[in-house]
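What follows is a set of notes on a single structure, which appears directly below.
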Amino acid sequence: MRTVAVVGASLAGLSAARSLRQQGYDGRLVVIGDEVHRPYDRPPLSKEFLAGALGEAELSLESDDEDLRAEWLLGSRAVGLDPRDRAVRLADGREVRADGVVIATGAAARALPGSEGLAGVHTLRTLDDARALRDELARGGRLVVIGGGFIGAEVASTAYALGLDVTVVEVAPTPLAGPLGEAMGAIVSALHADHGVRLLCGVGVKGLSGETRVDAVLLEDGRSIAADIVVVGVGARPCVEWLEGSGVVLDNGVKCGADGRTSLAGVVAVGDCANWYDPRAGLHRRVEHWTGARERPAAAVATLLAGGAVEPAAPRPPYFWSDQYGVKIQFAGHAAAADSVTIEAGAADTRDVLAVYRRAGDPVAVLGMNQPRPFMRWRKQLAAATS
Amino acid sequence: MMIPACRLADLPRGEAHRLDIDPPVSVFHTDDGELFAIDDTCTHQDASLADGWLEGCEVECPLHASKFDLRTGSVDAPPAKLPVRTHEVVVEDGMIYVQVSTDAPNLPPCVAARLAGGLA
């Protein structure tokens, strides 16, 4: 293999590039990124960076003395993949022909239809998004967050700490019920009320009002919530449009095997855009977690370099964290698989729970709030039980 | 400075023992029976590596998955970028001692500020 193109220059792309070199690949390595920035860390964008406690230099994922001997094509959007010679076409007309391609194009924040061109309305996914939002939050005022998921909750928490008046609107009856289940979603989202942040659940957003700048969020029940700034945190969609017509099978992102292989030989997918097969569950999952974007590329790169002739190691159960209102929230496993959840340590009232999710008595997931030590023990136990 | 940590018999393989000195140092007993001491605080954010995931000669931070090599202190996985200090370990008469490095530690910004007498 003489040329490998990694399409996507965020954590998953960088991890793939690192894995290629660590696994002995010595050929030409081209990393293509549509943003102009070198790889940076996204979790702080909704927290320390947004709060002004962390600067841009500290977001860098690369160390100062790191040299992957890669050609970096940054500010270059991939617009097509020609399956015959695995040529990645770029928006500026250039083409990168490669023997191996790693698809790591991630996901993009969903926007609220009809909010285009209205000042004061933000999504948060990229460094540029975070810069713009940080500058607005610094002016203070009334913030309405649409969506009570992790991004929305972290922005609400950060904005509360900055002194803004914050309201969170969530269409579901319980925020975070998807990732955490109803009971624990209720306990974690109770952090908002603990800090005087209003949480409106079970009500959809009809639209926004304002001439050139947003002035209110209109709810489907007829209420209108005055707003100086609006953050839309309603999930992300995989960035795979550029692969249409390439022969790479798309289904909720890039459909790929347990080892990252796609339907095209010499092409693997990693990170938020990859819909990996989970052999234990017998289904495909697209997991949008930082940890997966860091860990999975090693398996995908091994597959690429071996021409698909390796048995993938069983991945660890998915793990993610969140920091809200000074509480460290950690989760591992799959809540949806559980038929029971019990609090094993701490208490809901004191927001320091260690909760274990089980299916037919076997642990399938664990949640910690300010419980890092027991959480890690359960996380290891979970990995041992499911490997 | 040689600091007594704990008895070797009290530190099973796969476990870590934290010394509550400033900054804290932890002794790791690997599954292979080796002993290593490193600074306990992840260089990315305030978290105790003694609470982390020990595998081979690597420990993963319990919060954000940064990995450190116990032998060299080098950081093997982001988001941390700076290494932790390593310290010499001596076992005498069944007691584990740590010779604390005189190098400057790489502490995360919030902890460094606290130790420097800044805000708690």
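Lettering follows sequence order; numbering is per chain, from 1.
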CA sep, side-chain torsions, deciding dist, call: A:Tyr160, A:Tyr325, ring-ring contact (aromatic ring centres under 6.0 Å, His included):
CA-CA 8 Å; A:Tyr160 155 79; A:Tyr325 305 102; 5.6 Å; yes

Is it the side chain or the backbone of A:Lys328 that comes within 4.5 Å of chain B heavy atoms, both, or neither?
side chain

Okay, A:Arg294 and chain B: the region with an atom under 4.5 Å from a heavy atom over there is side chain

Cut-off 3.5 Å, side chains only: do A:Ser157 and A:Gln324 have a donor facing an acceptor?
no

Heavy-atom distances under 4.5 Å only: say whether A:Ser15 touches chain B with side chain, backbone, both or neither.
neither

For A:Gly260 and A:Trp276 the tightest heavy-atom approach is N-CZ3, 3.5 Å

Quick check for you: to the nearest 0.5 Å, what is the distance between A:Glu56 atom CD and A:Phe49 atom CZ?
4.5 Å

Is chain B contacted by the side chain of A:Glu48, its backbone, both, or neither, given a heavy-atom distance below 4.5 Å?
side chain

With respect to chain A, which residue among B:Pro109, B:Gly52, B:Ala80 yields the maximal number of heavy-atom pairs within a distance under 4.5 Å?
B:Gly52

Which atom pair, heavy atoms only, marks the closest approach of B:Asp46 to B:Leu63?
O-CD1, 4.0 Å

Assess A:Arg377 against B:Trp53: is NZ or CZ under 6.0 Å from the centre of the six-membered ring, and within 45 degrees of the ring's axis?
no

Need one label for A:Tyr319: side chain, backbone, both or neither, based on atoms under 4.5 Å from any heavy atom in chain B.
side chain

Where does B:Glu55 contact chain A at under 4.5 Å (heavy atoms): side chain, backbone, both or neither?
neither

Contacting region of A:Asp64 [heavy-atom separation from chain B under 4.5 Å]:
neither

Counting only non-hydrogen atoms closer than 4.5 Å, does A:Leu11 touch chain B with its backbone (N, CA, C, O), its side chain (CB onward), both, or neither?
side chain

Find the one option among B:Ala65, B:Ala50, B:Pro79 whose heavy-atom pairs under 4.5 Å with chain A are most numerous.
B:Pro79

For B:Asp39 and B:His87, does a side-chain donor sit closer than 3.5 Å to a side-chain acceptor?
yes

Under 4.5 Å heavy-atom distance to chain B, tell me which part of A:Arg316 shows up: side chain, backbone, both or neither.
side chain

Distance-only side-chain donor-acceptor flag, A:Tyr40 / A:Arg38, under 3.5 Å
no

Applying a strict 4.5 Å limit to non-hydrogen atoms, the region of A:Arg379 in contact with chain B is both

